[in-house]
Amino acid sequence: MGVYEELVARGLIAQVTDEEEIRELVNSGKAVFYIGFDPTADSLHVGHFMALCLMKRLQMAGNKPIALIGGGTAMIGDPSGRTDMRQMMTKETINHNVECFKKQMGRFIDFSEDKALLVNNADWLLDLNYVELLREVGSQFSVNNMLRAECYKQRMEKGLSFLEFNYMIMQSYDFYALFQKYGCNMQFGGDDQWSNMLGGTELIRRKLGKDAYAMTINLLLNSEGKKMGKTQSGAVWLSAEKTSPYEFYQYWRNVDDSDVVKCLKMLTFLPLDEIEQLSKLEGSEINKAKEILAYELTNLIHGKEEADKAQEAARALFGNKKDTNNMPSTTLTQDDLTDGTISILDLMKKCSLIPSNGEGRRLIQQGGVSVDDEKVTDVYESISVDAFEKGYVIIKKGKKVYHKAILE
RNA sequence: GGGAGAAUUCCCGAGUGGCCAAAGGGGGCAGACUGUAAAUCUGUUGCAUCUUGCUUCGGUGGUUCGAAUCCACCUUCUCCCA
């Protein structure tokens, strides 16, 4: 089975321009492909992870990936799939984000010995001359066609600025530039990028008379059709500072039953037949598959050590064991106590478990808080030094959130 | 350039002088049931020294005993005509 077939089997491929050609190129390791990343935040998140996986898979098959960071296009903002205009970003923020992306990608993709490239489209986009660009590239685009593209259609209702309208042209120009510079003959991206990507292949065909290909991967949607990797507190990030390995592990440990197999296929490097076995699990047995999913992914992103820790912590907490070593924790000092006690509300605020006292009261009134396995019934309860005799107390919020408060 | 309309809490969306911290839905959180799942049911969802007080309905001023609601100006957006 070639890489291409594997990608199909894993349900990654959404649309392709020319299946035969792409299969041939990819399977024989002759593809030089690029994937674009918009540096809209200072860390990659789960949404980018699939793209990284894809890059790695193809790299392992001998193809050469180019990670294109959209330092230039970020100045414009992709209107695809958005109903509102993107917040404009300053050059400084963008540059900072570009640096962060570089670091994170380096851990995942092998950039040594020219096996992969990392480029920033700001390098060529920012120097473009408006009139020249219009003559050279603008003449090749039909506004009629562009407006027909799905990504703009939706925006036609709400309004689309000329700035955003140009995103497709910029992205097409990227492909054109990479084709000439590095012989990049293929572009991959999320399925929402399809029309932008076609713009690129079209431009290359018209300007150079050469063929280039595009392929989109399915977006990672849960069974409700929403993008995965979002929580109420924002995205699930790949950097340990923004989403701790434990939280990361828990996110995957808690996915819906119906999404487990899909996630295993699309995100992990487990062999397909192994996943096939896991997909046969039923009822509470599915938890095994979830555990594997969570472990595999944490391992990929944060390394074995962190994955082990997260798994141990989870098993300990949910399995009634005493091990509290790897639990998220907050360290308090004597100064946080007055007269040797601290109120439960203050304690929880210190641990960032609650944003306000009101929230804390509510939780307690509804019976959602316990300290060292004892349910807190009084809003005004205080915890004295004695409770910290062993050096810490365990606060449990709701069913799943555990936190260790350590007293120094 | 001319005309019409809109901006409400995390989101959608009601409210058009006092009964408004603001209906309803979504989402979130908690409880019950469970498998750290889903579905369902219940409670809850601005802040605080919480039977009371304080701050919020795009912004700034004004009218009024009292304004999310009325007036003026500003900002942003949408629609129609050019």
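Numbers restart at 1 for each chain; the letters A, B, ... are given by sequence-line order, proteins then strands.
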>> Would you call the rings of A/Trp237 and A/His45 parallel, tilted or perpendicular, taking 30° and 60° as the class edges?
In response: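 Judged by the thresholds at 30° and 60°, the geometry between A/Trp237 and A/His45 is perpendicular.
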>> Would you say A/Tyr380 places a side-chain N or O within less than 4.0 Å of OP1 or OP2 belonging to B/rC50?
In response: yes
> Does any donor atom in the side chain of A/Gln104 or A/Ser43 lie under 3.5 Å from an acceptor atom in the other side chain?
Replying inline: yes
>> Distance alone, cut at 3.5 Å: any donor-acceptor contact between the side chains of A/Tyr295 and A/Gln311?
In response: no
From the options [options], select the nucleotide whose nearest atom is closest to the side chain of [X].
{"X": "A/Asn357", "options": "B/rU36, B/rU49, B/rG35", "result": "B/rU49"}
{"X": "A/Gln250", "options": "B/rA30, B/rC33, B/rU36", "result": "B/rU36"}
{"X": "A/Arg253", "options": "B/rU36, B/rC29, B/rG31", "result": "B/rU36"}
{"X": "A/Ala314", "options": "B/rC29, B/rU36, B/rG35", "result": "B/rU36"}
{"X": "A/Ser356", "options": "B/rC47, B/rG31, B/rG35", "result": "B/rC47"}
{"X": "A/Arg362", "options": "B/rA37, B/rG35, B/rU44", "result": "B/rU44"}
{"X": "A/Lys397", "options": "B/rA37, B/rA30, B/rU36", "result": "B/rA30"}
{"X": "A/Arg361", "options": "B/rU49, B/rU36, B/rA38", "result": "B/rU49"}

Over how many whole Å does the gap from [X] atom [atom1] to [N] atom [atom2] extend?
{"X": "A/Lys400", "N": "B/rG35", "atom1": "NZ", "atom2": "P", "result": "14 Å"}
{"X": "A/Glu285", "N": "B/rU36", "atom1": "CD", "atom2": "C1'", "result": "16 Å"}
{"X": "A/Asp346", "N": "B/rU49", "atom1": "CG", "atom2": "P", "result": "9 Å"}
{"X": "A/Ile354", "N": "B/rA48", "atom1": "CD1", "atom2": "P", "result": "9 Å"}
{"X": "A/Lys399", "N": "B/rG28", "atom1": "NZ", "atom2": "P", "result": "13 Å"}
{"X": "A/Glu359", "N": "B/rA30", "atom1": "CD", "atom2": "C1'", "result": "9 Å"}
{"X": "A/Leu353", "N": "B/rC29", "atom1": "CG", "atom2": "P", "result": "14 Å"}
{"X": "A/Tyr251", "N": "B/rA37", "atom1": "OH", "atom2": "P", "result": "14 Å"}

>> Could you measure the distance from the CE atom of A/Met146 to the OH atom of A/Tyr167? Nearest 0.5 Å is fine.
In response: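 So the gap between those two atoms works out to 12.5 Å.
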>> Just verifying a value: how many Å separate A/Leu347 CG and A/Leu332 CG, rounded to the nearest 0.5 Å?
In response: 6.0 Å
> Can you list the steps and then say if A/Glu5 with A/Asn27 is a side-chain hydrogen bond (donor to acceptor under 3.5 Å, both in side chains)?
Replying inline: CA-CA 9 Å; A/Glu5 286 76 19; A/Asn27 281 348; 3.2 Å; yes
Pairwise [atom1] distance for [N] and [M], with rounding to whole Å:
{"N": "B/rC41", "M": "B/rU51", "atom1": "P", "answer": "33 Å"}
{"N": "B/rC74", "M": "B/rC80", "atom1": "P", "answer": "24 Å"}
{"N": "B/rC54", "M": "B/rG5", "atom1": "C1'", "answer": "35 Å"}
{"N": "B/rA67", "M": "B/rG61", "atom1": "C1'", "answer": "14 Å"}
{"N": "B/rG27", "M": "B/rA21", "atom1": "P", "answer": "28 Å"}
{"N": "B/rC57", "M": "B/rU69", "atom1": "C1'", "answer": "10 Å"}
{"N": "B/rC77", "M": "B/rC71", "atom1": "P", "answer": "24 Å"}
{"N": "B/rC33", "M": "B/rU42", "atom1": "C1'", "answer": "12 Å"}

>> Judged by each residue's nearest nucleotide on RNA chain B, which is more toward the 5′ side, A/Gly283 or A/Leu363?
In response: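 Nearest-nucleotide comparison on RNA chain B picks A/Leu363.
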>> Pick the closest RNA chain B nucleotide for A/Tyr249 and for A/Gly367 by heavy atoms, then say which residue is nearer the 5' end.
In response: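 The 5'-side residue here is A/Gly367.
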> Where do A/Asn121 and A/Asp174 land on the side-chain hydrogen bond (donor to acceptor under 3.5 Å, both in side chains) test, with the steps shown first?
Replying inline: CA-CA 7 Å; A/Asn121 65 8; A/Asp174 282 344; 2.8 Å; yes
> Does any donor-acceptor pair link the side chain of A/Gln365 with the base of B/rU44 at a separation under 3.5 Å?
Replying inline: no
>> Can you tell me whether the side chain of A/Gln366 and the base of B/rG43 have a donor-acceptor pair closer than 3.5 Å?
In response: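 Answer yes: a donor N or O sits under 3.5 Å from an acceptor.
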Only pairs with both distances under 3.5 Å count, Watson-Crick or wobble alike; so what is the partner of [N] in this structure?
{"N": "B/rC10", "value": "B/rG26"}
{"N": "B/rC20", "value": "none"}
{"N": "B/rA68", "value": "none"}
{"N": "B/rC33", "value": "none"}
{"N": "B/rG46", "value": "B/rC54"}
{"N": "B/rC77", "value": "B/rG5"}

>> Applying a 4.0 Å non-hydrogen cut-off, can you work out what A/Val255 is touching in the nucleic acid: base, sugar-phosphate, or nothing?
In response: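 Sugar-phosphate only.
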For a quick test of your reading: what N or O donor-acceptor pairs under 3.5 Å do the side chains of residues 49-64 of chain A make, sequence neighbours left out?
residue	atom	partner	partner atom	Å
A/Lys56	NZ	A/Phe108	O	3.1
A/Arg57	NH2	A/Thr268	O	2.4
A/Gln59	OE1	A/Asp110	N	3.4
A/Gln59	NE2	A/Asp110	O	2.8
A/Gln59	NE2	A/Lys115	O	3.4
A/Asn63	OD1	A/Lys30	N	3.3
A/Asn63	OD1	A/Ala31	N	2.9
A/Asn63	ND2	A/Val26	O	3.1
A/Asn63	ND2	A/Leu58	O	3.2

> With syn defined as a glycosidic torsion within 90 degrees of 0 and anti otherwise, which applies to B/rU9?
Replying inline: anti
